[in-house]
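Remarks on the structure that follows.
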Amino acid sequence: MAQSDFYTNIFDVVRLIPKGRATSYGAIAKYLGAAKSSRVVGWAMNQSHTLEDKIPAHRVVNRLGMLSGKMHFATPDSMQERLESEGLVVKKDVIQDWNTIFWDPNLELDY
DNA sequence: CTCTTGACTGGTT
DNA sequence: GAACCAGCCAAGA
C-alpha cells in the first residue's frame, strides 16, 4: 500500500460508518489498537482529501460530537449539510443526540 | 536533522 | 466547569 496500514485501516473504517451515524477519531484509533494516536486519525482525514477515493470524513467528529474539522472541507458548511441530509441533527457545529448517533466500531465491528 | 503544529483525548488544576 | 498540561504520531518548514 502507498500509505501505512494504519492509514488504510482508518479510511476503511470510515467508509464502513453507516448512513445516519457518526463516530469519533478516538473510537477509530482505539479500534485499530492505537487509542492514543487519535491525532493521527485526524491527520489521516486531513490527507483524505488528497486521496482518489473520497471518504465520508463528515461522519467523523471529535468525542464531543462537535464538527471540529468542518473548516477543512471545501466549505465549512458542507460537513453539516451532509450530516443533516443523512438524517442527523446538527446545531452550533454539534451533533444532537450524539449519544444515540455515535457509532462505535469497537462494538459494531469485529476483527 | 530539529522544531512546530495539529480534523484528539484524558487527566489535573 | 472552564482552562491547562501531557502524551502520541505524522507531516511540513
Side-chain angles (χ1 to χ4, degrees):
Chain A
M1 316 184 175
Q3 314 286 317
S4 65
D5 291 336
F6 190 64
Y7 268 48
T8 305
N9 289 330
I10 291 171
F11 302 136
D12 189 48
V13 173
V14 175
R15 288 198 195 96
L16 292 174
I17 300 174
K19 184 184 175 206
R21 306 269 196 160
T23 190
S24 68
Y25 304 94
I28 295 174
K30 186 176 184 183
Y31 175 70
L32 299 178
K36 313 215 162 149
S37 302
S38 50
R39 300 191 104 139
V40 180
V41 177
W43 199 260
M45 296 300 98
N46 194 17
Q47 297 295 298
S48 71
H49 82 96
T50 67
L51 298 176
E52 296 179 11
D53 286 336
K54 298 298 169 53
I55 64 177
H58 57 276
R59 294 181 187 152
V60 184
V61 296
N62 66 7
R63 73 181 179 92
L64 301 176
M66 187 167 92
L67 313 189
S68 52
K70 66 169 200 165
M71 52 183 81
H72 289 270
F73 282 73
T75 61
D77 298 318
S78 63
M79 187 174 187
Q80 180 174 328
E81 294 258 335
R82 279 187 179 275
L83 290 173
E84 291 181 328
S85 69
E86 294 183 356
L88 278 72
V89 180
V90 181
K91 193 163 226 173
K92 293 182 169 71
D93 302 336
V94 179
I95 298 177
Q96 303 301 292
D97 300 316
W98 173 236
N99 185 49
T100 302
I101 298 299
F102 182 61
W103 180 80
D104 189 349
N106 297 285
L107 300 178
E108 304 297 332
L109 299 181
D110 189 19
Y111 284 105

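Numbers restart at 1 for each chain; the letters A, B, ... are given by sequence-line order, proteins then strands.
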Query raised in the report: Of the residues in residues 94-103 of chain A, which ones touch DNA chain B at a heavy-atom distance under 4.0 Å?
Result: none
Query - Under the side chain to side chain donor-acceptor pair (under 3.5 Å) test, residues paired with Asp104(A) that sit two or more places apart - result: Asn106(A)
Report task. Report the residues that fulfil side chain to side chain contact (heavy atoms under 4.5 Å, CB included) with Val40(A), sequence neighbours left out, ordered by chain and then residue number. Result -> Phe6(A), Tyr7(A), Ser37(A)
Query raised in the report: Using a cut-off of 4.0 Å between protein heavy atoms and nucleotide atoms, how would you tag nucleotides 8-13 of chain B 5' to 3' with B, S and -?
Result: BSS---
Rounding to an integer number of Å, can you tell me how far [X] [atom1] sits from [N] [atom2]?
{"X": "Met66(A)", "N": "dA2(C)", "atom1": "CE", "atom2": "P", "result": "13 Å"}
{"X": "His49(A)", "N": "dA7(B)", "atom1": "NE2", "atom2": "P", "result": "12 Å"}
{"X": "Gln47(A)", "N": "dA7(B)", "atom1": "CD", "atom2": "P", "result": "12 Å"}
{"X": "Tyr7(A)", "N": "dA7(B)", "atom1": "OH", "atom2": "P", "result": "13 Å"}
{"X": "Ile28(A)", "N": "dC9(C)", "atom1": "CD1", "atom2": "P", "result": "17 Å"}
{"X": "Trp43(A)", "N": "dG12(C)", "atom1": "CH2", "atom2": "C1'", "result": "7 Å"}

Report task. Please write out which residues are connected to Trp98(A) in a hydrophobic cluster, directly or through intermediates, given that two of Ile, Leu, Val, Met, Phe, Trp, Tyr count as joined at side-chain heavy-atom separations below 4.5 angstrom. Result -> Val61(A), Leu67(A), Phe73(A), Met79(A), Leu83(A), Leu88(A), Val90(A), Ile95(A), Ile101(A), Phe102(A)
**Report entry** Sub-4.5 Å side-chain heavy-atom contact between Asn62(A) and Ser24(A)
**Finding:** no
Query raised in the report: Mind checking whether Trp43(A) and Ile10(A) have side chains closer than 4.5 Å, heavy atoms only?
Result: no
Report task. State the CZ-CG distance between Phe11(A) and Leu51(A), to the nearest 0.5 angstrom. Result -> 4.5 Å
Report summary line: Rounded to the nearest 0.5 angstrom, the NZ-CZ distance for Lys19(A) and Arg82(A) is 11.5 Å
Requested in this report: Can you tell me which residue pairs pass the salt bridge (Lys or Arg N to Asp or Glu O under 4.0 Å) test with a partner in residues 59-75 of chain A, sequence neighbours excluded?
Outcome: Arg59(A)-Glu86(A), Lys70(A)-Asp93(A)
